[in-house]
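Residues: numbered from 1 along the sequence shown. The figures here come from the full heavy-atom set of this structure, side chains too, leaving out hydrogens, waters and symmetry mates.
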Amino acid sequence: MLISQDKMPRKYPIEKTRDIGIIAHIDAGKTTVTERILFYTGISHKIGEVHDGQAIMDWMVQEKERGITITSAATTCRWREYWINIIDTPGHIDFTVEVQRSLRVLDGAVVVFDGVAGVEPQSETVWRQADRFNVPRICFINKLDRIGANFKKSFQSILDKLSPNALVLQIPIGQESKFEGMIDLLKMKALYFEGDFGQNVAEKEIPDNLREKSEKAREKLIEKVAAEDEVLLEKFLAKKQISEQELKKVLRKNTLKCKLVPVFCGSALKNKGVQLLLDAICDYLPSPQDLPPVEGTDPKTGETIERKMDDSEPFSALVFKIAADPYVGTLNYFRIYSGTLTKGSYAWNSVSGEKERIGRILKMHANTRQDLDEAFTGDIVAAVGFKNTSTGHTLCDEKNPILLEKITFPEPVISIRIEPKSKEDQEKLILSLKKLSEEDPTFRQKEDIETGETIISGMGELHLDVLVDRMRREFNVEANIGKPQVAYKETICEEMKAEGKYIRQSGGRGQYGHVWLKVKPKERGEGFEFINAIKGGTIPQEFIPAVQKGVKEAMDKGVIAGYPMVDIEVTLYDGSFHEVDSSEIAFKIASSQALQEASKKARPIILEPIMKLEVVIPSEFFGDVIGDLNRRRGVIEETKDRVNLKIIDAKTPLSEMFGYATSLRSLTQGRGTFTMEFDNYDKVPEGITQEIIEGKRK
C-alpha cells in the first residue's frame, strides 16, 4: 500500500525542500513576514495586513478581531528552485502549545525580533523550545523603520540573552524613518528595495560614510566563521582572500549544527529585506536530508530504531496537530519523516494499534486545501477521516512499525466553571468541549464531583476566552462562565509512612487489602513516581497495579483543600493478603487510605503558579506600577530603560494577576503593556493557605 520512490517521481528533490517555522514574541511581526514571503513567492497577489484583519495566515475570526495569531497555520511556497513548507506560529504565551508542537516537526526556524525591543520574554521561551528540539535557526531583526529602532542594541540583546554564537550578515543603511536598505557583508554590496512593493532588489556600491563600518563588520564575520573551520582559519591567519562561496559553505555547515546563528535585518511592513531572508532560508537552513536519521522505538521490543529521511525507507510520520474544519471535518496534520504515502492506502497507528485509511491527502495553505495523490519524505500535509489518531501519535508502515518520540505539553494553570444556558445547549457543550480538547492538548475539561459543574482549564485568561468564543461561534453553544480560578496543587514536605487496611466480612467471600506505603517529597516539577519494593511475595504481583491505581486516584484529591497532589515519590514496601478474600478493589481502597494518611502526617502544603512578568511603561508611571506590583505579592527582579520607557521584570502569583490588564491601563493612561508566562509552582504563604481552604469550602 505504501509506494516506493521508483513508482512515483517527486516534483522536486528532497535536498531542495525546507521545513521551517516562523517563531517570535507577540507583535514582533511574524505574520507580516509570512505574508510578504507569500507575496514575493507568488502564492498571494495582494499583501494582506494583520492590522486590517486581512492577513491570509490569520484566518480565524478571533485572529482577525484581535490582530494576533492564535493557531499555527501551514503553507507551502516556491523560491528559486526550492520548495519551502512554512508554519507561522503564535507569539502569545497562552498559545505556546502551537509553537511547541510545530518546533517538534520542523527542521529549521526563523526567529523574528522587534528592532525596538530586541529580545523579549517570549523570544527567550521560543528560543529555549528550539534548543530543546535542536532546531537550527536564523534571526531576522524586523521593524527597523520604527521610532526607537536600534539594530546594534537588538543584536547585543541576542548575544547576551540567547546565544553568543549569533553573527551579523547584514547591517542596516539608516534606522527609524531613514532606514533605506542594508549592506550584505558577504557580497560587500548595498542593497535597496525598489518598486511599489519593494519587489526589485537593487545592488549598488556601499555608501562612502558606511565603507569603514562595513569592512570592520565583515572582518568580524570572517573571523567568527573561520574559527569553525581549519582550512579557513589558516587562510584567515595568513591574510589570504576568502571567497563568498567558501564562507557560505562553512556558515551553512555550522548553522546546521547550531554552532552559528546568522542574523539578518529589515522591515517586513515596509517591504525591505524579505527576499534576502528567503535566500537565507534556502542557503543556511537544513533540508530533511541534512539532519540525522529520526530515532524511535520498536513497539514490540522497545529497542531504539532509526529511519533515514528518504523516500525509499519504510513510511513513518508524526501527527502534530488536530484541527476541526467546517467543510471537511477533522484534519490531522502530520510530518512525513521517511517513505511515501498514497491516497487510498492504509497507515498503521503504532500508539493505538489500529489501521487508518488515507482517504484524502491535503496540502494546506492556511485554511484552504489542495488535494494530493501522494506525499513524500519531508512533506507537511493533512489527512481527513482518521478514527483513532491524536496529537503525538505515530503513523507508519504496518510491516515496519516504529514509535516516534511523543510531544509533551505543559499543564494548564487556570480554570473556569462553565454551564450551558439551556437544556439544548447541554449536549452541544459536551460535543464542543470534546472537539476542542482533541485539538488543543493544553485545554482540559473535568466534572467537579462535589458540585456536578463542568470545569475547563487552560494556559491563561486569553486562551480560555478564545475557546469560549469558539464554542459560541463554531458550535452555537451559549454558556454561563464563572470567574477564573487558579490551578493550585498540593505536595508534601517530609518523608512519612502509613498503613492502609481494607477488611470487609459480610458472609461468603469478603474483601481484604493491606499495604504499607512510604511517601517522600520530590523536587518541584519532577512529578509522581511509584516504586514497588515488595520482596518475598508479601503482596502478590497481580495486585501491584491496583495499589498504584489507588495511589494515583487518591492523589487527584489532596488532603488540605482537595487540589491534585504533585511531586511525590510513593514506595510500596510491605503489606499482606488473604488467599480467598483479597481483590484488586480491596488493595485499591487500602492504598488510597494509606496515601491520604501518610500525606496528612508529611506536612502537606499548597502550591500556586508563579508567573514571569514583563511590564513596559512610560517612565513617569514607574512608582505607581511598582507599588501596585508589590500589593500583588510581586517580586521585582530587574528594571531596565528602553528609549523613554521603563521595563520591569517581576515574578508574581497568578492568583493576584486577574484583571491586571485593566489595572495597568488605568495606572498608565492606557500606555502600559505587559506579557506574562508561567514560570514555576511555589509554596503559598500560610495566611493565604487559610483563605484558599475557606474559599474552597464555600
Item to check | Flag, side chain of Thr639 to backbone of Ile648, donor-acceptor distance under 3.5 Å | outcome: no
Checklist entry - How about Lys683: does its NZ atom have over 12 heavy atoms from other parts shown lying under 6.0 Å from it? => result no
Checklist entry - Is the shortest heavy-atom distance from the side chain of Asp649 to the side chain of Lys640 under 4.5 Å? => result yes
Checklist entry - So Trp516 and Tyr573, would you call those rings parallel, tilted or perpendicular, with 30° and 60° as cut-offs? => result tilted
Checklist outcome for this item: The residue among Arg671, Lys646, Gln669 that forms side chain to side chain donor-acceptor pair (under 3.5 Å) with Glu620 is Arg671
Checklist entry - In terms of side-chain geometry, is the basic nitrogen of Glu439 or Lys435 positioned less than 4.0 Å from the acidic oxygen of its partner? => result no
Next on the checklist: If you compare all heavy atoms of Pro604 against all heavy atoms of Ser599, which two are closest, and at what distance to 0.1 Å?
Outcome noted: CD-O, 3.4 Å
Item to check | Distance, nearest 0.5 Å, that separates OG of Ser154 from NZ of Lys143 | outcome: 11.5 Å
Checklist entry - Within the side chain of Thr394, is there an N or O that forms a donor-acceptor pair under 3.5 Å with the backbone of Ser350? => result no
Checklist entry - Is there side-chain contact between Ile418 and Met471, with at least one heavy-atom pair below 4.5 Å? => result yes
Checklist entry - Hey, what do you get for CG (Asp440) to NZ (Lys321), rounding to the nearest 0.5 Å? => result 8.5 Å
Item to check | Min side-chain heavy-atom separation Leu285-Ile138 under 4.5 Å | outcome: yes
Next on the checklist: Please verify the inter-ring angle class for Phe530 with Phe528; under 30° counts as parallel, over 60° as perpendicular, anything in between as tilted.
Outcome noted: tilted
Next on the checklist: Are the side chains of Leu629 and Leu613 in contact, using a 4.5 Å heavy-atom criterion?
Outcome noted: yes
Checklist entry - Looking only at heavy atoms, which two atoms of Glu608 and Pro685 are closest? And how far apart? => result OE2-CD, 4.0 Å
Item to check | Rounded distance (nearest 0.5 Å) linking atom CZ of Phe113 with atom CD1 of Ile158 | outcome: 4.0 Å
Next on the checklist: When you measure from the side chain of Glu405 to the backbone of Glu295, do you find a donor-acceptor pair of N or O atoms at a distance under 3.5 Å?
Outcome noted: no
Next on the checklist: Determine whether Ile380 and Phe320 satisfy the following criterion, side chain to side chain contact (heavy atoms under 4.5 Å, CB included), listing intermediate values before the conclusion.
Outcome noted: CA-CA 10 Å; Ile380 292 174; Phe320 67 96; 3.9 Å; yes
Checklist entry - Side chains of Thr491 and Arg524: closer than 4.5 Å at any heavy-atom pair? => result yes
Item to check | For Leu436 against Leu467, the heavy-atom pair lying closest together | outcome: CD1-O, 3.9 Å
Checklist entry - Is there a side chain to side chain contact (heavy atoms under 4.5 Å, CB included) between Ser591 and Leu572 once you walk through the steps? => result CA-CA 9 Å; Ser591 54; Leu572 169 65; over 6 Å; no
Checklist entry - Measuring from Ser415:OG to Ile456:CD1, what's the distance to the nearest 0.5 Å? => result 8.5 Å
Checklist outcome for this item: CD (Glu656) and CG (Asp628) are apart, to the nearest 0.5 Å, by 10.5 Å
Item to check | Closest approach of Lys30 to Ile23 (non-hydrogen atoms, all atoms of both residues) | outcome: CD-C, 3.5 Å
Item to check | For Ala533 against Thr571, the heavy-atom pair lying closest together | outcome: CB-CG2, 3.8 Å
Next on the checklist: Are the side chains of Phe674 and Val625 in contact, using a 4.5 Å heavy-atom criterion?
Outcome noted: no
Checklist entry - What are the two closest heavy atoms between Ala554 and Leu595, and how far apart are they? => result CB-CD2, 3.7 Å
Checklist entry - Salt bridge check: are Asp556 and Lys552 linked by an N-O gap of less than 4.0 Å? => result no
Item to check | Ring-face cation of Arg335 near Tyr333 (centre distance under 6.0 Å, axis angle within 45°) | outcome: no
Next on the checklist: Tell me whether Ser163 contacts the main-chain N or O of Asn165 through its side chain, where contact means a donor paired with an acceptor under 3.5 Å.
Outcome noted: yes
Item to check | Verdict with reasoning, Tyr488 to Ile692, per side chain to side chain contact (heavy atoms under 4.5 Å, CB included) | outcome: CA-CA 9 Å; Tyr488 292 109; Ile692 294 169; 3.5 Å; yes
Checklist entry - Donor-acceptor pair, Glu490 side chain versus Gly562 backbone, under 3.5 Å? => result yes
Checklist entry - Phe264 versus Val110: any side-chain heavy-atom pair under 4.5 Å? => result no
Next on the checklist: Would you say that more than 12 heavy atoms from the other residues, nucleotides or ligands in this model lie under 6.0 Å from the NZ of Lys161, or not?
Outcome noted: yes
Checklist entry - Quick one: CE on Met496 to CZ on Arg603, what's the gap to the nearest 0.5 Å? => result 9.5 Å
Checklist entry - Would you call Glu499 and Glu597 a side-chain contact if the rule is heavy atoms closer than 4.5 Å? => result no
Checklist entry - Would a distance-only check, ignoring hydrogens and angles, find a side-chain to backbone donor-acceptor pair under 3.5 Å from Gln596 to Lys557? => result yes
Item to check | Electrostatic pair Asp131:Arg137 at N-O distance under 4.0 angstrom | outcome: yes
Checklist entry - Given the rule in the side chain to side chain contact (heavy atoms under 4.5 Å, CB included) test, do Leu103 and Ile87 qualify, once you have shown the distances and angles that lead to the verdict? => result CA-CA 9 Å; Leu103 281 171; Ile87 296 184; over 6 Å; no
Checklist entry - Counting N and O atoms only, with roles assigned by atom type, does the side chain of Asn142 sit under 3.5 Å from a partner on the main chain of Ala28, one being a donor and the other an acceptor? => result yes
Checklist entry - Side chain of Ser123, backbone of Glu120: donor and acceptor closer than 3.5 Å? => result yes
Checklist entry - Donor-acceptor pair, Ser655 side chain versus Val486 backbone, under 3.5 Å? => result no
Checklist entry - Between Asn332 and His393, do the side chains contain an N or O donor and an N or O acceptor separated by less than 3.5 Å? => result no
Checklist entry - For the side chain of Asp567 and the backbone of Gly525, is there at least one donor-acceptor N/O pair under 3.5 Å apart? => result yes
